[in-house]
Amino acid sequence: MKRTKIRAALEATGPMDEIVIMGWVRTKRDSKGFSFVELNDGSTLLNIQAVIDHTPEIEAALHRVGTGASVRIGGALVESPGKGQKWEIRGRSLEVLGEADQETFPLQKKRHSDEFLRTIAHLRPRTNKFGAMFRIRSELAQAVHRFFSDKGFFYIHTPIITGSDCEGAGEMFRVTSLEPGSDASADNDFFGKPAQLTVSGQLSAEMFALSLGEVYTFGPTFRAENSNTPRHVAEFWMIEPEMAFADLADDMDLGEEMVKYLITHILDHCPNDVELFAKWVDKGLMPTLETIQGETFERLPYTEAIDILKKAKKDFEYPVEWGMDLQTEHERFLCEEQFGKPVYVYDYPKTIKPFYMRLNDDGRTVAAMDCLVPRIGELIGGSQREERLDVLLARMQAMHLSEEDYWWYLDSRRFGTAPHAGFGMGFERMLMLVTGVTNIRDVMPFPRTPNSLEF
RNA sequence: UCCCCAGUAGCUCAAUCGGCAGAGCGGGUGACUGUUAAUCACUAGGUUCGCGGUUCAAGUCCGUGCUGGGGAGCCA
């Protein structure tokens, strides 16, 4: 069963007398005496074309072959006399591995809508667009690890099941081993206390930054929010670096470097796949990516952002006032109209940010930052963490958080505390940025959204 | 969760004022000696999302539910 992947076959430097290709039929064109069969095996966006002369056996096999069938074709790799491809297979044998009933196979040669393809999420990776998407997704994940590895960051596997509502950020999914209807008190449950799926690995990551220096987590996170937008799902992946002996400026430097690195990596490693998105999904994709690569991100204190928004000749639905959180319309105005490039807004009012963000000397803002990018909105959210035990305790009290619940977190400030900073980046949002895809459900294999758990 | 829009053949859509439900693609059959989302001919294919109402008559109007999409909130 030794096969050559189509990607390798198409990159061949010379003809080959013997080659075996296996893949799924994208299209078949019959002529008198011979047929063209185009195969895709997922190794690349491109198909390979096989030309097969008819014999009684071949014709019988071809009769069972339609779009979607999987086949094994043996023959020779030869230069193609036709236009459109350098190499093709001169087929000598054709074996049908799996038929696809043409009456019921849902994928046709023509383009489908994204909405329809979501209803067949198990088959959509067989399309050009979603094949390209998931190759890019894989490459992007590898690039994340390489970026951090090259910089000496350690990869920490923070827990998926957690026992405390880490940040108080967002609704959490309950984890239980109890049968429905049984005594649902947490005392009887597996852990003897309430358990949830994590919403962030940050607090755990901080412990390891304050031990190993520079670390990151990259894993799934869960939000039980009933939010129905093209930018939210219940299960998504987040990248969370955490650095000891670093401040907010270091944090913003890292985020900017990382975004640029990831874009460059994908452009270098997935040119065909990215080109598909630039051509069919977002005509402005390449200029957008080049802008992000080439421009220095704007760094704008929250207070100045408010001034800009107040002076803007623009009718905002939500009135602008110091102390409020920026609304979607404000974020879009800043990065799309005012600056036309990614913008860091930093030093937010402490009242709208979580307890662990470091209090600034003005007493009213914290060292928080959000990275806003055109079309996506918030790509990165981070902060310098509050390393001073007394200040941290005061903030927790003000926010009615129990000291006992966070005893281990507070220990890091009791014993050898140090300045540190980190951020979270939504992996899917980065993928949306790189591909120009506007719905997060189309950058995930099997997206989880309210009332949707089919696959 | 709130606001708006949509739901008609396998897919993408059309159907004028409420008056016989249609096209392209896809499928099937056949033709064709180099095709490129091949081409040409023929052909099959419908509970117009569900329920209720108005009307001589409803795909079309009204109510309601479901599903999908967009915007907002929450956020990554």
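Proteins get letters first, then strands, A, B, ... in listed order; numbering begins at 1 in each.
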Go through B:rU35, B:rU33, B:rG70 for me and flag the one nearest to the A:Phe36 side chain. B:rU35
Rounded to the nearest Å, what distance is computed from the CZ atom of residue A:Phe236 to the P atom of nucleotide B:rC74? 16 Å
Pairs under 3.5 Å (N/O, protein and nucleotides 41-47 of chain B):
none

Taking only side-chain N and O atoms of A:Arg29, does any of them lie within less than 4.0 angstrom of OP1 or OP2 on B:rA38? yes
Sugar-phosphate, base or nothing in reach of A:Thr27, heavy atoms under 4.0 Å: sugar-phosphate
Is there a Watson-Crick or G-U wobble partner for B:rC42 with both distances under 3.5 Å, and if so, which one is it? B:rG28
With rounding to whole Å, what would you report as the distance between B:rG10 and B:rG71 at their C1' atoms? 32 Å
Atom CD1 of A:Ile89 and atom C1' of B:rG34 are separated, to the nearest Å, by 16 Å
C1' atom, B:rG26 versus B:rG63: distance in rounded Å? 38 Å
Which listed nucleotide (B:rA37, B:rG34, B:rA72) is nearest to the side chain of A:Tyr318? B:rA72
Any donor-acceptor pair under 3.5 Å joining the side chain of A:Arg231 to the base of B:rG73? no
For the backbone of A:Gln327 and the side chain of A:His330, can you confirm whether one donor and one acceptor N or O come within less than 3.5 Å of each other? yes
Separation of A:Glu329 atom CD from B:rG70 atom C1', in whole Å? 17 Å
Side-chain contact check for A:Gln102: nearest option of B:rU36, B:rG28, B:rG73 is B:rG28
Sticking with atom C1', work out how far B:rG30 lies from B:rC66, rounded to a whole angstrom. 44 Å
With respect to the side chain of A:His232, which nucleotide from B:rG69, B:rC74, B:rU33 is positioned closest? B:rC74
What does A:Glu428 touch in the nucleic acid at a heavy-atom separation under 4.0 angstrom: a base, only the sugar-phosphate, or nothing? nothing
Determine whether a donor-acceptor pair (N or O, by modelled atom type, separation under 3.5 Å) exists between the side chain of A:Tyr344 and the backbone of A:Glu256. yes
In Watson-Crick or G-U wobble terms, with both distances under 3.5 Å, the base opposite B:rA37 is none
Can you tell me, in whole Å, how much space there is between the P of B:rU35 and that of B:rC49? 43 Å
Do A:Arg231 and A:Glu428 meet the salt-bridge criterion of a basic N to acidic O distance under 4.0 Å? no
Using a heavy-atom cut-off of under 4.0 Å over every strand shown, decide if A:Ile376 touches base, sugar-phosphate, or nothing. nothing
A:Lys109 vs A:Glu235, nearer the 5' end of RNA chain B by closest nucleotide: A:Lys109
Restricting to pairs with a member in residues 443-455 of chain A, which pass side chain to side chain donor-acceptor pair (under 3.5 Å), not counting sequence neighbours? none
The glycosidic conformation of B:rC17, counting syn as within 90° of 0 and anti otherwise, is syn
Do nucleotides 9-15 of chain B as a string where each nucleotide becomes B, S or -: B if the base has a protein heavy atom under 4.0 Å, S if just the sugar-phosphate does, - if no protein is that close. -BSS---
Rounding to an integer number of Å, can you tell me how far A:Asp53 CG sits from B:rU33 P? 13 Å
Classify the side chain of A:Asp30 versus the base of B:rU35 as yes if they form a donor-acceptor pair under 3.5 Å and no if they do not. no
Closest to the A:Gln49 side chain, choosing from B:rU35, B:rG69, B:rG73: B:rU35
When the distance from NZ of A:Lys83 to P of B:rA37 is rounded to whole Å, what number comes out? 14 Å
Is the shortest distance from a Lys or Arg side-chain nitrogen in A:Glu242 or A:Arg385 to a carboxylate oxygen in the other one below 4.0 Å? yes
Looking at every strand, decide which applies to A:Asn228 at a 4.0 Å heavy-atom threshold: base, sugar-phosphate, or nothing. base
What does A:Arg90 touch in the nucleic acid at a heavy-atom separation under 4.0 angstrom: a base, only the sugar-phosphate, or nothing? base
Using the P atom on both, measure B:rA23 against B:rC5 and round to a whole Å. 31 Å
Under 4.0 Å from OP1 or OP2 of B:rC32: is there any side-chain N or O of A:Lys32 that close? yes
For B:rU47, give its Watson-Crick or G-U wobble partner with both distances under 3.5 Å, or none. none
Scan A:Gly82 against the nucleic acid and name what it touches under 4.0 Å (heavy atoms): base, sugar-phosphate only, or nothing. base
Between CG on residue A:Leu97 and CH2 on residue A:Trp24, distance to nearest 0.5 Å: 9.5 Å
Let me confirm one number: the CZ-CD distance from A:Phe218 to A:Glu240, rounded to the nearest 0.5 Å. 11.0 Å
B:rG69 OP1/OP2 closer than 4.0 Å to side-chain N/O of A:Arg118: yes
So, OP1 or OP2 of B:rG70: does either fall under 4.0 Å of a side-chain N or O from A:Arg441? yes
Rounded to whole Å, CG of A:Leu107 lies from C1' of B:rG27 at a distance of 14 Å
Spacing between A:Asn128 atom CG and B:rU36 atom C1', to the nearest angstrom: 13 Å
Can you measure A:Arg332 atom CZ to B:rG70 atom P for me and round it to whole angstrom units? 13 Å
Under 4.0 Å, heavy atoms only, any strand: does A:Ser80 hit a base, just the sugar-phosphate, or nothing? base
Working to the nearest 0.5 Å, report the span between CZ of A:Phe316 and CG of A:Leu309. 5.0 Å
State which residues pass ring pair (Phe, Tyr, Trp, His ring centres under 6.0 Å) with A:His157; sequence neighbours excluded, sorted by chain then number. A:Tyr155
Counting only side-chain N and O atoms of A:Thr328, is one of them less than 4.0 Å from OP1 or OP2 of B:rG73? yes
In whole Å, what separates the P atom of B:rG59 from that of B:rG52? 15 Å
List the atom pairs, with distances to 0.1 Å, where a side-chain N or O of residues 117-125 of chain A and a protein N or O form a donor-acceptor pair under 3.5 Å, not counting sequence neighbours.
residue: A:Arg118; atom: NE; partner: A:Asp442; partner atom: OD1; Å: 2.9
residue: A:Arg118; atom: NH2; partner: A:Asp442; partner atom: OD2; Å: 2.7
residue: A:Thr119; atom: OG1; partner: A:Phe116; partner atom: O; Å: 2.5
residue: A:Arg124; atom: NH1; partner: A:Arg441; partner atom: O; Å: 3.4
residue: A:Arg124; atom: NH1; partner: A:Asp442; partner atom: OD1; Å: 3.2
residue: A:Arg124; atom: NH2; partner: A:Arg441; partner atom: O; Å: 3.0
residue: A:Arg124; atom: NH2; partner: A:Met444; partner atom: O; Å: 2.7
residue: A:Arg124; atom: NH2; partner: A:Pro445; partner atom: O; Å: 3.4

Rounding to 0.5 Å, atoms CG (A:Leu62) and NE2 (A:His54) come to a distance of 5.0 Å
Would you confirm whether A:Thr221, through its side chain, and A:Phe236, through its main-chain N or O, come within 3.5 Å as a donor-acceptor pair? yes
Under 3.5 Å for both donor-acceptor distances, Watson-Crick or wobble: does B:rG68 have a partner, and if so which one? B:rC5
With sequence neighbours excluded, what pairs up with A:Thr365 under the side chain to side chain contact (heavy atoms under 4.5 Å, CB included) test? A:Trp322, A:Asp347, A:Asn360, A:Asp362
Sugar-phosphate, base or nothing in reach of A:His63, heavy atoms under 4.0 Å: sugar-phosphate
Is the shortest side-chain N/O distance from A:Gln85 to OP1 or OP2 of B:rU35 below 4.0 Å? no
